[in-house]
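Let me begin by presenting the structure, written as structure tokens, before commenting on it.
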Amino acid sequence: VGVVADVHDDGVDRAATPTLYWPFLVADFWGMKFFGFFARTTTYAVRTSGPPTDLLPAIRQAVWSVNPNLPLADVQTLQNVLDRSMARTSFTLTLLSIAATIALLLGIVGLYGVVSYSVTARTREIGIRLAIGARQPDVTGMVLKHVLILAAVGIALGLVAAVGLSRLMEAILFGVAPVDFTTYAVTGLLLAVVVAAAGYLPARRAAKVDPAQVLRHD
């Protein structure tokens, strides 16, 4: 009697089914004197140190040396079995990755545009601050600080929502936790950099304007 690891007969993306292994011949099996388990086919798994396909002629010759009438069918690598098992899941995740990438790019472009516009709209305020003695680095830092605070709040709320919604994808994931902290950290950092750039560049440009020109224009 022994215990083996889980065997995913229905695909690695599905839970392993309970499996019980019996010897080929069993004595006194449920009242029967002898009982045998015989299959019409036998499956062999061969471990290789090189490309598996290179050993196919040698394996075929080894089988036929025992019995030349034995057919050798359905020869495939475990990688092919794995790829076929994960084909549907891989296709779904590929589509989701493409959609997520497009959404991220659109979000970056939209975020940059909105933040840039909001900072540019404060040109008059920046001009007034410069006119009453504020320094350019101070004004740029003030605007950038305000933008980053808003970005931090937005990113925090977005991460909380993402963690909650990620549970919906748990059914199509295998070997991957639905909450990937690395992905969330990289995405949050990327958005923070975009917001910082969207706030810093217009703020620096607005801080270099002539206060007298801004006030005269108003």
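The chain is numbered in sequence order, starting from 1.
- Linking Ile, Leu, Val, Met, Phe, Trp and Tyr whenever their side-chain heavy atoms come within less than 4.5 Å puts L104 and V163 in one cluster.
- For T19 (side chain) and T17 (main-chain N/O), a donor-acceptor pair under 3.5 Å exists by modelled atom type.
- Taking both residues in full, the closest heavy atoms of A196 and L144 are given as O-CD1, 3.5 Å, listed atom of the first, atom of the second, then distance.
- Remark: Y184 OH is packed, more than 12 non-hydrogen atoms of other residues, nucleotides or ligands lying under 6.0 Å away.
- The shortest distance between side-chain heavy atoms of Y21 and V7 falls below 4.5 Å.
- With contacts defined as side-chain heavy-atom distances shorter than 4.5 Å, the pair T48/D54 does not qualify.
- Within 6.0 Å of CG in L78 there are 12 or fewer heavy atoms belonging to other residues, nucleotides or ligands.
- You'll find the side chain of V75 reaches within 4.5 Å of the side chain of L72, heavy atoms only.
- Although no hydrogens or angles enter the test, the distance criterion places no donor-acceptor pair under 3.5 Å between the side chain of T140 and the main chain of P137.
- Taking every heavy atom of both residues into account, S90 and T94 meet most closely at O-OG1, 2.7 Å.
- Using modelled atom types, one finds no donor on one side chain facing an acceptor on the other under 3.5 Å when comparing Q136 with D138.
- Grouping the Ile, Leu, Val, Met, Phe, Trp and Tyr side chains by contacts below 4.5 angstrom, directly or via other members, places L190 with I155.
- Other residues, nucleotides and ligands contribute only 12 or fewer heavy atoms inside 6.0 Å of the CZ atom of R88.
- If you chain together hydrophobic residues whose side chains sit under 4.5 Å apart, L191 and F181 fall into the same group.
- Formation of a donor-acceptor pair under 3.5 Å by the T77 side chain with backbone atoms of N80 is found in this model.
- The main-chain N or O of L70 is found under 3.5 Å from a side-chain atom of W64 such that the two form a donor-acceptor pair.
- No chain of hydrophobic side-chain contacts below 4.5 Å, direct or via other Ile, Leu, Val, Met, Phe, Trp or Tyr residues, connects L96 to I102.
- Between V153 and L157, some side-chain heavy-atom pair lies under the 4.5 Å cut-off.
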